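Here is the structure we will look at.
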Amino acid sequence: METKNIMIVGVGGQGTLLTSRILGGITIKAGFDVKLSEVHGMAQRGGSVVTFVRYGDKVNEPIVEEGQADVLIAFERLEALRYAHFLKKDGVLVVNDQRIDPMPVVIGAAKYPEGIIEELEKKYKVLKVNAMEEALKLGNSRTFNIIVLGMAAKHMDFKKEDWLEVIENTVPPKTIDINKQAFEVGYSL
Amino acid sequence: MSEKKLMLGNEAIARGAYEAGVKVSAAYPGTPSTEISENIVKYEEIYCEWSPNEKVAMEVAIGASMAGVRSLVSMKHVGVNVASDPLYTVSYIGVSGGLVLVAADDPGMYSSQNEQDSRAVARAAHIPVIEPSDSAEAKEFIKYAYDISEKYDTPVMFRTTTRIAHSQGLVELEDRCEPIDIPYTKNVAKNVMMPGNAIKRHPVVEAREKQMAIDGADFPINRIEMNDTKIGVITSGIPYQYVKEALPTASVLKLGCVNPLPKQMIIDFSKKVDKLYIIEELDPIIEEQVKSWGIECTGKEILTIQGEYSTNMLKKAILGQELQIEQKADVPVRPPILCPGCPHRSTFYTLNKLKIHAAGDIGCYTLGAVAPLSVVETTVCMGSSISTLHGMEKAKGKEYIKDWVAVIGDSTFMHTGVNSLMNMFYNQGTGTVLILDNSTTGMTGHQDHAATGKTLRGEIVPAIDLYKLCHDGIGIENTRIVNAFDTKALEAAIKEEVARDAVSVIIVQAPCALLKSNKPKPAFHIDTDKCKRCYMCMKPACPAITKADDGTVSINATMCNGCGLCEGQCKFGAILR
């Protein structure tokens with residue numbers, strides 16, 4: 001199989017590392033070679049963060065480059081826009097319709113762009129979800145990233161039961177049930 | 001089939017050390033090396049510790065090696081500078097049990113103040129350098145590094161980069177080998193490096209390096225992948241992975257040992273290919289040596305000494321192929337910021353209000369340089385805040401620094417800041433030092449240190465008391481403790497101490513907002529009826545407070561951790577819990 005390229009982007013603290021761990025787990029379960037690349041350290045402090053996941057028969061490079069992503073999972077709108085050019089022409093963008101103002105916007109030095117999703121829809125296949133709203137319906141705002149992952153999962157090569165099993169093995173024991181529910185919500189959207 | 005596991009490069013290094021029978025590990029946290037120790041601690045068989053700085057960690061590892069067991073010391077690239085004093089001399093001494101130093105370089109400066117190449121230090125210290133290109137090799141090569149260390153009686157540098165350290169790949173798990181425990185024997189000629197002994201060791205170092213350059217052709221970690229001979233590439237580390245994707249048909253000499261270079265192997269390889277490229281991130285360490293042997297090759301003429309490489313970059317530089325990609329959107333940057341509830345915000349906001357300049361240091365609080373707080377004006381290296389402020393005073397006089405302070409974190413203070421404070425006191429400086437005591441090493445992800453009362457292995461131990469250290473130990477009369485969120489008291493303390501003609505220390509205390517032990521208080525919200533839209537609450541630049549396009553201010557309840565800094569700014573009582 002040709003190597004598949006997945007990217008997860010968001011704001012430091014949104015849980016990109018947990019999501020990438022679940023992705024890593026499912027690719028191994030399916031018997032693929034896999035490489036993941038993460039960001040630790042200073043950039044994690046509320047900055048723009050990106051995680052790369054590549055899987056296939058044999059993977060060398062651990063990063064996804066511009067114009068190469070099959071699936072881009074964005075936990076925030078502005079981050080979706082920042083990294084959209086990493087998508088292949090027929091790539092899928094899964095975006096959480098949430099706004100988190102970066103510091104230049106907070107202090108009035110820059111403006112948060114309007115109509116991001118509408119713009120992106122002109123160029124790419126876009127699936128959007130207000131995952132925070134869905135997560136609050138479930139009663140746990142922290143599960144929003146698993147809802148987004150559930151939505152993206154439909155565009156990858158793995159069975160739903162396998163996803164649920166990997167989630168069970170990856171998330172903290174106390175949160176297994178709520179995270180599985182969150183995945184189901186995303187998967188059914 | 002043996003078990004395969006997805007592992008970070010750093011996790012694989014820890015696993016390799018375990019399998020190699022390592023018994024002692026020491027380190028100071030530093031991105032991208034921190035997770036090595038955080039994974040080693042999971043192996044009960046290995047004694048491991050956070051040392052106060054990299055020099056101490058290096059010496060702990062040297063002692064363990066001298067005593068006869070395998071030891072590991074790990075640090076980020078700039079930590080190698082701190083450890084370089086013992087490193088250069090242990091090169092002469094050699095080892096009893098194998099000794100490996102992991103040096104984690106940071107091309108692209110994801111979390112560092114420079115982009116130095118640790119291989120240059122190893123060359124200067126005449127020690128071998130082993131470099132893996134993914135997690136699987138990280139585990140395998142570290143075991144080989146111990147064999148090399150003991151066979152050639154030398155410390156070994158194991159060099160990684162951020163992309164190796166923080167990428168995950170599949171690693172095959174094996175059993176731990178029976179750890180060696182060589183009986184200690186007194187050997188003054190080898191272990192006491194006074195001139196008369198050292199002068200006899202230097203020729204040993206030279207002979208060792210020459211022998212390794214010959215033997216390197218037979219090291220299994222140096223390998224040739226012969227393919228089409230039009231293009232030949234010499235590479236190592238992560239660039240090897242980019243070469244395999246960009247130039248799948250090229251012949252490759254992949255070096256696992258990059259110092260000393262296997263000279264004859266390289267000469268032979270160069271003769272077999274039409275055009276030779278040297279592909280290495282950062283400095284032309286391999287390239288300059290190969291060129292010095294009269295071998296024609298291309299490297300930094302078409303590639304940079306800055307940042308990380310990639311497959312596309314190599315395709316463009318070597319094959320002239322450029323991928324058609326969509327234009328990058330022009331969007332506002334999202335730099336890292338102090339977290340909601342961070343005690344540093346309160347301190348910097350107070351300094352900003354008082355128009356005080358800060359000599360800064362290495363840690364989350366370096367972010368105090370960023371708008372709108374914009375207080376930190378210098379950052380050089382670990383511990384430098386206090387000494388640079390002292391230097392300013394000696395250059396311009398004590399009146400000049402009446403509107404300056406040094407800011408330094410508790411962990412950084414214990415690292416090397418305490419030396420600078422001793423110097424300021426001894427040489428009759430009058431500076432004001434703010435120790436931003438958040439009870440942890442924050443930026444690297446919450447590691448304990450000598451003043452937190454807990455070790456890497458989770459043991460509860462007596463904490464070094466920062467107040468007593470400064471007041472009773474060094475003898476600084478004007479030492480006091482202030483709560484970081486008590487802005488009135490903090491303001492008064494700073495005003496009083498900067499005016500004083502003597503060294504003073506203000507220990508500004510409040511735990512890091514992300515510490516698990518620090519339970520957040522209930523979130524605040526804004527009563528829009530009471531809010532007069534003066535925007536004073538936004539001055540400290542907390543990311544949990546935002547202004548909508550219509551001018552209304554709101555607090556994000558999931559982000560707010562109830563620190564109360566904004567509440568203190570509101571004159572209208574509009575911010576409520």
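Just so you know, these numbers come straight off a predicted model, no measurement behind them. To find a chain, count down the sequence lines: A is the first, B the second, and so on, and within it residues start at 1.
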Contact origin within K123(A) toward chain B - heavy atom pairs under 4.5 Å: side chain
Exercise: identify the closest heavy-atom pair between K328(B) and H85(A): CG-CE1, 3.3 Å
Nearest atoms (heavy-atom pairs only) where E61(A) meets E245(B): N-OE2, 3.0 Å
Between CD1 on residue I325(B) and NZ on residue K89(A), distance to nearest 0.5 Å: 9.5 Å
Polar side-chain atom of Q241(B) near backbone of P62(A) as donor-acceptor pair, under 3.5 Å: no
Spacing of Q168(B) atom CD and F52(A) atom CZ [to the nearest 0.5 Å]: 14.0 Å
Distance, nearest 0.5 Å, that separates CD of E38(A) from CZ of R163(B): 10.5 Å
Which atoms of L514(B) approach chain A - backbone, side chain, both or neither, heavy atom under 4.5 Å: side chain
Using a 3.5 Å cut-off and no angle test, enumerate the donor-acceptor pairs between side-chain atoms of residues 99-109 of chain A and protein atoms at least two apart in sequence or in another chain.
residue, atom, partner, partner atom, Å
R99(A), NE, D101(A), OD1, 2.6
R99(A), NH2, D101(A), OD1, 3.2
R99(A), NH2, D101(A), OD2, 3.4

Straight-line distance of R82(A) CZ to D330(B) CG, nearest 0.5 Å: 10.5 Å
Enclosure of E2(A) CD (heavy-atom neighbours >12, cutoff 6.0 Å): no
Max heavy-atom pair count under 4.5 Å with chain A, selected residue of E326(B), M559(B), Q327(B), M538(B): E326(B)
Nearest-0.5 Å distance that lies between atom CZ in R54(A) and atom OG in S167(B): 11.0 Å
Most chain A-contacting option - heavy-atom pairs closer than 4.5 Å, from T546(B), T558(B), N312(B), N556(B): N312(B)
Chain B contact via Y124(A) - which portion, at a heavy-atom distance below 4.5 Å: side chain
Proximal component of E35(B), with respect to chain A [non-hydrogen, under 4.5 Å]: side chain
Heavy-atom closest pair, residues I63(A) and Y309(B): CD1-O, 4.4 Å
Pairs of heavy atoms under 4.5 Å with chain A: top-ranked of L323(B), T311(B), V331(B): T311(B)
From M313(B) atom CE to E65(A) atom CD, the distance as rounded to the nearest 0.5 Å: 9.0 Å
Proximal to chain B - members of residues 131-161 of chain A, heavy-atom separation under 4.5 Å: S141(A)
Option that, when pairs with chain A are counted at under 4.5 Å, heavy atom only, ranks first among S310(B), P372(B), S135(B): S310(B)
Interface moiety of Q68(A) toward chain B, non-hydrogen atoms closer than 4.5 Å: side chain
Passing candidate, side chain to side chain contact (heavy atoms under 4.5 Å, CB included) with K35(A), options D134(B), L170(B), L6(B): D134(B)
